Colleague: 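Below is the structure I would like to discuss, written out as structure tokens.
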Amino acid sequence: MPASKKRILSGIQPSGRPHLGNYLGAMRQHIEMQKDFECFLFIADLHALTTVHDAKQMQENTYNLAVSYLALGLNPEKTVFFKQSDISEHTELFWIFDCLVKMPFLERAHAWKDAKAKGKKEESAGLFNYPVLQAADILLYQPDLVPVGKDQKQHIEMSRDIAITFNTTFGETFKIPDPLIKEEVAVIPGTDGQKMSKSYGNTIDIFAEESELKKQVMGIVTDSTPLEKPKDPKKCNVFNIYKLLATKEEIKEMETKYKKGGFGYGDAKKTLLAKILEHFKESREKYKEIYPQKDMVYSILENGSMQAKKLASKTLKEVKTKVGYITR
Ligand code: ADP
Ligand code: TRP
């Protein structure tokens, strides 16, 4: 790989099936960037343990996510694709960082504050320490950029702070990475209009069976404007999702229909469903083709882990020396 290429790194939790928000906010960028960047991408199964406490579910989610990326066009020759739990350096570096960060710094994290605001009193220490592990994930690979959706902005900023703290305490070691967030797809709305998220049950799952996908699209929340009346497209969830996948002409056409009246939300939903099926046609077929090929999928991840380990162990060795652990 030419040294001039900038390095990107990102991770995604195997906490459920990938949805349109994951795809547009993050996965699509990861795949597009393979052309021009040196890419590291991992399945964040250590982070997923903060919420998934069922071995079968963890395995299934991990496998589905790996197949999803491959079906969407991830090329293992171009991207180092691996499982976080295969690289023990992540948890080792996590501990070193955990001894540097202060509790009030972690108390400011949105995910922690949200959990507290919801009145959850007995959250795991893992959830509290989540951003520290994420900093270890990132900094081990010395990336230039971290492509993510907007909800991850704070986590990347915290990783930068942790890198600076380490560098000032023990000497220049880590590159300070920048987040890469595409503004136009920063927050994809879900079927109820709030941010699409597995935790809100408002997702459109790109690899769901057609009947289920239909149920999700038909379930998009709309107001009660009657069919014949003109409607404001900007205020409609169906339109707001449609415009993320449709061409300029298609968007214009739907906008005109909304404004004219005589076009119901049911019609709009049918058009959206057809658009989703068309957009993901090839990937959905590939998903079905790859899914039974377990050996191939596992070998891709194992091979990725071998490559990731080389870089991660190099960085960790330097860190251990810097903190004063004897390494020979
Ligand atoms: P979820 O909120 O469904 O649990 P994750 O936290 O696993 O999603 O997110 C995986 C990646 O997808 C992250 O980079 C995140 O920023 C991005 N992402 C998730 N939901 C959205 C959304 N609604 N809009 C834009 N990006 C999103
Ligand atoms: N916290 C991220 C999410 O929920 C997943 C993640 C873990 C990650 N480690 C990372 C993303 C490192 C980017 C870089 O989506």
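Start at 1 and go down the list; that is how both ligands and their atoms are numbered. Just so it is clear, the model here is predicted, and its values are computed rather than measured. Numbering of residues begins at 1 and proceeds along the displayed sequence. Heavy-atom basis, side chains included; hydrogens, waters and symmetry copies ignored.
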Colleague: Quick one: look up the protein heavy atom nearest atom 19 (C) of ligand 1 and list residue, atom name and how far away it is.
Modeller: Asn22 ND2, 3.3 Å

Colleague: Tell me: protein heavy atom nearest atom 27 (C) of ligand 1, and distance?
Modeller: Gly21 O, 3.3 Å

Colleague: Report yes if some N/O of Ser15 lies less than 3.5 Å from some N/O of ligand 1; otherwise report no.
Modeller: no

Colleague: Find all atoms of ligand 1 within a distance of less than 4.0 Å from any non-hydrogen atom belonging to Met196, and give their numbers and elements.
Modeller: 20 (N), 21 (C), 22 (C), 23 (N)

Colleague: Considering heavy atoms of the protein only, find what lies nearest to atom 15 (C) of ligand 1 and give residue, atom and distance to 0.1 Å.
Modeller: Asp151 OD1, 3.2 Å

Colleague: Would you check the N or O atoms of Gln13, main chain and side chain alike, for any that come under 3.5 Å of an N or O of ligand 1?
Modeller: no

Colleague: Just to be sure I'm reading this right: ignoring hydrogens, which of Ala26, Ala48, Ala111 gets closest to atom 17 (C) of ligand 1? Compare them by their nearest heavy atoms.
Modeller: Ala26

Colleague: Which residues pass the salt bridge (Lys or Arg N to Asp or Glu O under 4.0 Å) test with Glu318, sequence neighbours left out?
Modeller: Lys322

Colleague: Is any N or O atom of Ile12, backbone or side chain, closer than 3.5 Å to an N or O atom of ligand 1?
Modeller: no

Colleague: For residues 7-18, pull every pair meeting salt bridge (Lys or Arg N to Asp or Glu O under 4.0 Å), keeping only residues two or more places apart or in separate chains.
Modeller: Arg7-Glu38, Arg17-Asp205, Arg17-Glu212

Colleague: Side chains of Thr247 and Glu250: donor-acceptor distance under 3.5 Å anywhere?
Modeller: yes

Colleague: Are a donor atom and an acceptor atom from the side chains of Gln34 and Asn75 found within less than 3.5 Å of each other?
Modeller: no

Colleague: For residues Phe42 and Phe81, establish whether the separation of their ring centroids is below 6.0 Å.
Modeller: no

Colleague: Measure the distance from atom 2 (O) of ligand 1 to every protein heavy atom, then report the residue, atom name and distance (to 0.1 Å) of the closest one.
Modeller: Ser197 OG, 2.9 Å

Colleague: Using a strict cut-off of 4.0 Å, indicate which atoms of ligand 1 neighbour a heavy atom of Lys195.
Modeller: 2 (O), 20 (N), 21 (C), 23 (N)

Colleague: Starting from the N and O atoms of ligand 2, collect every protein N/O partner closer than 3.5 Å and put each pair on its own line with the distance to 0.1 Å.
Modeller:
residue, atom, partner, partner atom, Å
ligand 2, 1 (N), Tyr130, OH, 2.7
ligand 2, 1 (N), Gln134, OE1, 2.8
ligand 2, 1 (N), Gln152, OE1, 3.0
ligand 2, 4 (O), Gln13, NE2, 3.1
ligand 2, 4 (O), Tyr130, OH, 3.1
ligand 2, 4 (O), Gln152, NE2, 3.3
ligand 2, 9 (N), Asp137, OD2, 2.7

Colleague: Between His47 and Gln84, does any side-chain donor sit less than 3.5 Å from a side-chain acceptor?
Modeller: yes

Colleague: Apply ring pair (Phe, Tyr, Trp, His ring centres under 6.0 Å) to residues Tyr23 and Phe280 and explain how you reach the verdict.
Modeller: CA-CA 11 Å; Tyr23 171 72; Phe280 292 103; 4.9 Å; yes

Colleague: Give me the residue, atom name and distance of the protein heavy atom closest to atom 7 (O) of ligand 1.
Modeller: Lys198 NZ, 3.1 Å

Colleague: Which is it for Glu123 and Lys116 under the salt bridge (charged side-chain N to carboxylate O under 4.0 Å, His left out) test, yes or no, and what are the steps along the way?
Modeller: CA-CA 8 Å; Glu123 286 305 309; Lys116 292 279 119 185; over 6 Å; no

Colleague: Determine whether the aromatic ring centres of His90 and Tyr141 lie less than 6.0 Å apart.
Modeller: yes

Colleague: Is the closest side-chain heavy-atom distance between Val80 and Leu41 below 4.5 Å?
Modeller: no

Colleague: State which residues pass salt bridge (Lys or Arg N to Asp or Glu O under 4.0 Å) with Lys281; sequence neighbours excluded, sorted by chain then number.
Modeller: Glu285

Colleague: Any donor-acceptor pair under 3.5 Å linking the side-chain atoms of Glu60 with those of Asn64?
Modeller: no

Colleague: Considering non-hydrogen atoms of the protein only, which is the closest contact for atom 25 (C) of ligand 1, and what is the distance?
Modeller: Ala186 O, 3.1 Å

Colleague: So which protein heavy atom does atom 22 (C) of ligand 1 come closest to, and at what separation?
Modeller: Ile188 N, 3.6 Å

Colleague: With respect to Ser199, determine whether any N or O atom, backbone or side chain, lies less than 3.5 Å from an N or O atom of ligand 1.
Modeller: no

Colleague: Whether Lys294 engages the ring of Tyr63 as a cation-pi pair (distance to the six-membered ring centre under 6.0 angstrom, angle to the ring normal within 45°) should be assessed.
Modeller: yes

Colleague: Hey, does the Lys NZ or Arg CZ of Lys231 hover above the aromatic six-ring of Tyr265, less than 6.0 Å from the centre and inside 45° of the axis?
Modeller: yes

Colleague: Should you measure from each heavy atom of Gly25, which atoms of ligand 1 turn up under 4.0 Å away?
Modeller: 25 (C), 26 (N)

Colleague: Only heavy atoms of Gln152, strictly under 4.0 Å: list the atoms of ligand 1 that pass.
Modeller: 16 (O)

Colleague: What atoms in ligand 1 come closer than 4.0 Å to a heavy atom of Gly149?
Modeller: 14 (O), 15 (C), 16 (O), 26 (N)

Colleague: Which one holds for Met27 and ligand 1: side chain close, backbone close, both close, or neither close, with close meaning a heavy atom under 4.0 Å?
Modeller: neither

Colleague: Which ligand 1 atoms, with their elements, are less than 4.0 angstrom from a heavy-atom of Val185?
Modeller: 25 (C)

Colleague: Using a distance-only test with no angle check, is there a side-chain donor-acceptor pair under 3.5 angstrom linking Asp45 and Ser85?
Modeller: yes

